[in-house]
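Since the structure comes first, as structure tokens, the remarks are kept for the end.
One is the number of the first residue; the rest follow in order along the sequence. We count ligands from 1, going down the list as the structure has it; atoms in each ligand are counted the same way.
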Amino acid sequence: MKALVVNNEKGGVGKSTIAVHLAWYFAERGKRVLFLDLDPQSNGTTTLAAHAVGIDAAALFARPVAVPSMASAGIRVLGGSAALRGIVAVDGKLIEQFRSNIKDASRAYDIAVIDTPPTFGVRNLAALIAGQFVLASIDLDDYASRALKRCSSTSSA
Ligand SMILES: Nc1ncnc2c1ncn2[C@@H]1O[C@H](COP(=O)(O)OP(=O)(O)OP(=O)(O)O)[C@@H](O)[C@H]1O
Ligand SMILES: [Mg+2]
């Protein structure tokens, strides 16, 4: 399983919209898709409600989770909830539990699409550590372009 994280420390730039469309796209291409909503706003969860499995994504940080397996193409959603608001401290145990759950789920899925909140914190960090790909959507406006340049000059310094 490949895990793709949609992440950007910016609000309203299309993260959830893209994440949901990626889930539909991969399912239509015959993939077994695990959609994880780490944002308590839960917009992706609302749109993909028909595919919910009744497990909160917040549980992935707390305990070993038996994610229901999939035999054929489709989408399964572990939804966002208010419980995610309590997952804030950068704690190695939370990150490791999340990573371990993703690893276990990888036996039954082809792709995980992980939507994240716009405020960077332990949920985003855990997703980025567990994932192999990152998609960062941006607005092509002046402030966003300048911020990108500042980030790239900081990271290469
Ligand atoms: N490509 C696009 N063209 C036009 N409108 C878009 C596009 N992508 C997203 N939108 C609209 O922009 C708004 C914000 O999108 P979305 O909720 O996906 O952003 P987000 O980055 O997930 O926001 P948040 O940071 O609050 O989670 C929504 O109303 C959505 O319908
Ligand atoms: Mg969103």
Side-chain angles (χ1 to χ4, degrees), residues 1-29 31-62 65 67-68 70 73-91 94-95 97-99 101-102 105-106 109-155:
M1 181 182 85
K2 306 287 186 204
L4 192 160
V5 186
V6 185
N7 183 83
N8 190 351
E9 207 176 337
K10 271 274 198 192
V13 289
K15 294 184 295 299
S16 299
T17 305
I18 289 170
V20 164
H21 279 275
L22 281 173
W24 282 326
Y25 170 77
F26 287 128
E28 283 170 15
R29 301 270 300 189
K31 305 294 184 195
R32 298 165 302 167
V33 182
L34 179 62
F35 186 93
L36 306 179
D37 192 348
L38 301 187
D39 188 347
Q41 291 180 102
S42 309
N43 295 327
T45 304
T46 304
T47 303
L48 296 174
H51 306 284
V53 295
I55 301 171
D56 282 356
L60 297 169
F61 294 90
V65 174
V67 179
M70 286 190 89
I75 303 169
R76 295 283 182 273
V77 175
L78 267 61
S81 65
L84 286 164
R85 294 206 172 89
I87 301 167
V88 285
V90 177
D91 176 340
L94 295 178
I95 293 170
Q97 184 66 76
F98 182 84
R99 202 171 68 89
N101 277 319
I102 298 296
S106 71
Y109 291 85
D110 301 306
I111 309 241
V113 177
I114 309 178
D115 191 19
T116 63
T119 315
F120 197 82
V122 70
R123 291 162 286 170
N124 307 57
L125 189 58
L128 291 169
I129 288 170
Q132 292 84 42
F133 300 93
V134 183
L135 193 154
S137 53
I138 58 164
D139 260 341
L140 288 176
D141 63 23
D142 190 44
Y143 282 175
S145 309
R146 285 166 192 265
L148 260 185
K149 279 185 197 144
R150 274 197 299 276
C151 287
S152 56
S153 61
T154 306
S155 60

query: Of the options Ile87, Asp91, Val88, which is the one that meets Val122 in a side chain to side chain contact (heavy atoms under 4.5 Å, CB included)?
result: Ile87

field: Close-contact set for ligand 1 against Pro118 heavy atoms, below 4.0 Å
entry: 25 (O)

Asn124 side chain to Pro117 backbone, donor-acceptor under 3.5 Å: yes

message: Can you check atom 9 (C) of ligand 1: any protein non-hydrogen atom closer than 4.0 Å?
response: yes

- prompt: Would you say atom 30 (C) of ligand 1 touches the protein, meaning some protein heavy atom is under 4.0 Å from it?
  reply: yes

task: For Asp110 and Lys31, indicate whether the former's side chain and the latter's backbone hold a donor-acceptor pair under 3.5 Å.
output: no

task: Can you sort out which atoms of ligand 1 are near Ser16, meaning under 4.0 Å from one of its heavy atoms?
output: 18 (O), 20 (P), 22 (O)

- prompt: What atoms in ligand 1 come closer than 4.0 Å to a heavy atom of Val13?
  reply: 19 (O), 20 (P), 21 (O)

- prompt: Can you find an N or O of Ile18 that's nearer than 3.5 Å to an N or O of ligand 1?
  reply: no

field: Closest approach of Leu38 to Ala57 (non-hydrogen atoms, all atoms of both residues)
entry: CD2-CB, 3.9 Å

query: Is at least one protein non-hydrogen atom found at under 4.0 angstrom from atom 12 (O) of ligand 1?
result: no

Contact check: Ser16 to the Mg ion (ligand 2), N/O/S below 2.8 Å: yes

message: Suppose we measure from atom 28 (C) of ligand 1 to each protein heavy atom; which comes out shortest, and what is that distance?
response: Thr17 OG1, 4.5 Å

- prompt: In ligand 1, which numbered atoms sit nearer than 4.0 Å to a non-hydrogen atom of Gly11?
  reply: 25 (O)

query: Within a distance of under 4.0 Å, is there any protein heavy atom near atom 3 (N) of ligand 1?
result: no

query: Purely on distance, is any nitrogen or oxygen of Lys15 under 3.5 Å from one on ligand 1?
result: yes

query: Which distance, rounded to the nearest 0.5 Å, do you find between the CZ of Phe133 and the CG of Asn7?
result: 15.5 Å

task: Would you confirm whether any non-hydrogen atom of the protein falls under 4.0 Å from atom 24 (P) of ligand 1?
output: yes

message: When you measure from the side chain of Lys15 to the backbone of Lys10, do you find a donor-acceptor pair of N or O atoms at a distance under 3.5 Å?
response: yes

task: Check for a donor-acceptor pair, side chain of Asp141 on one end and backbone N or O of Ala144 on the other, with a separation under 3.5 Å.
output: yes

message: Could you check whether atom 19 (O) of ligand 1 has a protein contact, counting only heavy atoms that fall below 4.0 angstrom?
response: yes

message: Using only atom types and a distance under 3.5 Å, with no angle test, would you say the side chain of Asp139 pairs donor to acceptor with the backbone of Val13?
response: no

message: Show the atoms of ligand 1 that are less than 4.0 angstrom away from any heavy atom in Gln41.
response: 24 (P), 26 (O), 27 (O)

message: Within ligand 1, which atoms have a heavy atom of Asp39 less than 4.0 Å away?
response: 27 (O)

- request: Could you list which atoms of ligand 1 come closer than 4.0 Å to a heavy atom of Lys10?
  value: 25 (O)

field: Donor-acceptor contact present, side-chain Asn43 to main-chain Ser16, <3.5 Å
entry: no

- line: d(Asp39 CG, Thr45 OG1) to nearest 0.5 Å is 8.5 Å

query: Between the side chain of Thr46 and the main-chain N/O of Gly44, is any donor-acceptor distance below 3.5 Å?
result: no

